[in-house]
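Keep in mind that the numbers below use all heavy atoms, side chains included, and drop hydrogens, waters and symmetry copies.
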Amino acid sequence: MTDVVDRFGARFALRAPERLKPFNRAGLLSAVDVHVARRLCELCGMEDPLVLLAVAFAVRGPRLGHVFVDLETVRETATTELEEPVDLDAMDWPAASDWIAAVADSPLVMRGETVASSDRPLRLVGTRLYLDRYWAEEVRVAEDLRGLASAAEIVVDEARLDAGVRRLFGDQAAGRQARAARAGVQRRFSVVAGGPGTGKTTTVARLLALLFEQSAGTLPLVGLAAPTGKAAARLEEAVHEEARGLELDARVRDALLTLQATTLHRMLGRTPSSNSRFRHHRANRLPHDVVIVDETSMVSLSMMARLVEAVRADARLVLVGDPGQLTSVEAGAVLGDIVGPEPSDAIVVLDHVHRFGGQIAQLAEAVRAGKSDVALDVLRRTGGNVDWIQADPAEDPASPAIREPAVAAARAVIDAARAGDAVGALQALGAFRVLCAHRRGSHGAITWMNRIESWLAAEIPGFAHERGWYAGRPLLVTENDYGLRLYNGDTGVAVADGDADGRLSAAFERRGEVVKFRPTRLSAVDTVYAMTIHKAQGSQFDTAAVLLPPSSSRILTRELLYTAITRAKEKLVLVGTEDAIKTAVERPVARASGLRDRL
């Protein structure tokens, strides 16, 4: 990296002050961080280079998911955004005491937490420097959740609740799912946590049934929500499916089957003029008696602040999710902070996996626990439902372990689609999927998508993907379409209509039924022979082929690997080096957040 070659690169701030230039060039600060810090300091007439550097790191934090920057420890915890290694110890870091003292005296900064509101853009709490907005959101979330959690238990008909639990949970009436359902009925605030296949949505459906059974008159108004349209649709479908099989009074079953789920943004009522302000807030609360939020691991601190302030003080809030999965792309790790290492009576962690077993379950547990040696021991075993290919997938792109199942799965989809069998094509679509950590590059989903299509062109007669649309094309929806009830992340397949014109329809599954649309009605779809692990969150495949990048990849983390592993229901093919796997297991997403301490 030299000035001659790189000085005009997009990531460089050409007018960066001298104190910030080395940090910008080392990839510790982006051009955006530098420019925002410069402007804030200019507005306040600040010229102290130590304050300027601290402000730049405070701006950087939320961009990388952190709520604050700890000025005392940032030199040990900061990571570069460059692919090439950088000796961070060689950087000219300020002495922590001098740095904190300079920041504390700055007119940009409010010190301490005694003053709740401030016109200053930053706040220093001990050694932690926040953008004031994130400090205020963290404080409000903690206060609102503590208020709900500390409320007295709700008076319920204990005899009716006990009878309902015994009927709906049977031999497991004393188990964790039953405990979670009881907590949701008896408390204002509760959490149902657990990995994929542990029965979270099953518990939610039974919790709601128990709630409805408590009401002799008007049933409580329930709001079901999730961060994404896809997650909301899956929550709604899961509740309906479970309701059909439960032993329930017709009134209660009908109430469950009429429930609809929506996104958090739509439930709160996004206003056209703002992405962060909503129609429902502290002065105009949600009308719901019960609010249940699924996939809470993807909810950011800012969105959680908007949610909890809008929930009525006399309502119930139930958060559902897996704290081990990927967190929000925005600042915060809210669900992980709430669940913490010691769950309480109101926070129940489900740990019995019903969906998959064998090596997949063992590997997932080892990764979640951060035990790399155990994970590698599991991978080295043969004869189970995990195949480990010890190679960099980019160095052996035609590996039979990927090529053969990818071609076989695509052939099954194409054959069914050409025959007009939408049901068969959709079933075959869920049989196999390639999952990548990156979207672009030699390890990216786009590269592997093109590679798989070239394999299909060589092996399947009549395959011609250049036309864009063809029978058997796997589809990934990339934007929400509320009119069609298709959501970002939904998958479908193009199938032949069977007429002489050779027309196609795009088929998707909804509530166990196939719905079809003309391709011209779909505004945002991609081909999906391969997809990113982030995009696959919330989906399941019979076989998942997970392609890991080298250990130098910045996004290779424990949560990414855990999420990828748990996408497989029956078989997992993991392609990656031992070093990449060890790095992932031993590198949890470390987000600076004070929410857990406040709770």
Side-chain angles (χ1 to χ4, degrees), residues 180-181 184-185 189-194 196-212 219-246 248 252-270 278-280 285-300 303-304 306-308 310-312 315-322 325 328 334-335 477 479-492 508-513 515 537-540:
V185 174
F189 174 68
S190 62
V191 177
V192 183
T198 54
K200 296 189 296 294
T201 49
T202 297
T203 302
V204 166
R206 297 180 185 185
L207 184 163
L208 288 170
L210 294 171
L211 268 176
F212 288 154
L219 295 175
L221 181 61
V222 175
L224 298 180
T228 67
K230 175 185 175 182
R234 290 185 179 277
L235 173 62
E236 180 181 316
E237 291 172 5
V239 169
H240 289 182
E241 182 179 355
E242 183 68 15
R244 294 187 186 97
L246 293 176
L248 299 172
V252 173
R253 178 177 287 105
D254 290 345
L256 288 172
L257 291 175
T258 58
L259 289 176
Q260 294 185 335
T262 186
T263 64
L264 278 172
H265 286 81
R266 287 173 72 87
M267 185 176 73
L268 292 172
R270 172 180 278 175
F278 298 91
R279 183 162 49 87
H280 292 290
R285 309 271 185 154
L286 288 164
H288 305 98
D289 303 299
V290 184
V291 176
I292 297 179
V293 181
D294 196 11
E295 296 288 359
T296 311
S297 65
M298 293 191 284
V299 178
S300 67
M303 180 54 71
M304 185 60 70
R306 303 288 86 76
L307 170 67
V308 294
V311 175
R312 298 197 328 253
R316 293 174 173 89
L317 174 63
V318 182
L319 303 181
V320 185
D322 182 358
Q325 285 196 28
S328 167
V334 178
L335 184 63
V477 177
E479 294 180 11
N480 292 337
D481 188 327
Y482 293 101
L484 300 182
R485 290 182 62 82
L486 294 178
Y487 304 105
N488 189 356
D490 280 347
T491 54
F508 296 85
E509 185 178 353
R510 274 287 174 269
R511 300 180 184 176
E513 298 181 354
V515 294
Q537 193 164 357
S539 299
Q540 290 272 294

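- To the nearest 0.5 Å, atom CZ of residue Arg485 and atom CG of residue Asn480 are 11.5 Å apart.
- Across every non-hydrogen atom of Asp322 and Gly194, the tightest pair is CB-O, 3.1 Å.
- Ser297 is linked by a side chain to side chain donor-acceptor pair (under 3.5 Å) to nothing, counting only residues two or more places apart in sequence or in another chain.
- Residues Leu286 and Val291 meet the side-chain proximity criterion, which asks for heavy atoms closer than 4.5 Å.
- In plain terms, the two heavy atoms of Leu207 and Val185 that are nearest each other are O-CG2, 4.0 Å.
- Taken to the nearest 0.5 Å, the CZ atom of Arg253 stands 13.0 Å off from the CZ atom of Phe212.
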Distance-only donor-acceptor pairs under 3.5 Å for side chains of residues 222-233, two or more places apart:
| residue | atom | partner | partner atom | Å |
| --- | --- | --- | --- | --- |
| Thr228 | OG1 | Ala231 | N | 3.1 |
| Lys230 | NZ | Gly489 | O | 3.3 |
| Lys230 | NZ | Ser539 | OG | 2.4 |

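- When all heavy atoms of Phe508 and Thr491 are compared, the closest pair comes out as CD2-O, 3.3 Å.
- Judged purely by atom type and a 3.5 angstrom limit, His280 has no side-chain atom pairing as donor or acceptor with the backbone of Leu307.
- Side chains of Leu484 and Val515 form no contact here, defined as non-hydrogen atoms less than 4.5 Å apart.
- Legend: residues meeting side chain to side chain donor-acceptor pair (under 3.5 Å) with Arg266, ordered by chain and number and at least two apart, are absent.
- Contacts classified as salt bridge (Lys or Arg N to Asp or Glu O under 4.0 Å) and involving residues 196-210 (residues at least two apart or in different chains) are given here: Arg206-Glu242.
- Here the CD atom belonging to Glu295 is positioned 11.5 Å from the CG atom belonging to Leu264, to the nearest 0.5 angstrom.
- Panel note: side chain Thr296, backbone Val320; a donor-acceptor pair is recorded below 3.5 Å.
- In plain terms, the two heavy atoms of Leu221 and Pro287 that are nearest each other are CD2-O, 3.7 Å.
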>> What verdict does the side chain to side chain contact (heavy atoms under 4.5 Å, CB included) test give for Thr201 and Val239, after you've listed the backbone C-alpha separation in whole Å, the side-chain angles of each residue and the deciding distance to 0.1 Å?
In response: CA-CA 7 Å; Thr201 49; Val239 169; 5.6 Å; no

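- Thr203 and Ala181 get closest at one heavy-atom pair: CG2-N, 4.0 Å.
- Here CG of Leu319 is found 5.0 Å from CE of Met304. Values are rounded to the nearest 0.5 Å.
- The line from CG of Asp289 to CG of Leu211 is 9.5 Å long, rounded to the nearest 0.5 Å.
- Looking at residues two or more places apart in sequence or on another chain, you find no side chain to side chain donor-acceptor pair (under 3.5 Å) involving Asp481.
- Under a 3.5 Å cut-off, the side chain of Arg285 and the backbone N or O of Ala310 do not form any donor-acceptor pair.
- Remark: Gln537 engages Gln325 in a side chain to side chain donor-acceptor pair (under 3.5 Å) (not counting sequence neighbours).
- Remark: Glu237 CD is packed, more than 12 non-hydrogen atoms of other residues, nucleotides or ligands lying under 6.0 Å away.
- The two residues Thr262 and Met267 make their nearest non-hydrogen contact at CG2-CB, 3.8 Å.
- To the nearest 0.5 angstrom, Leu486 atom CG is 12.0 Å from Glu479 atom CD.
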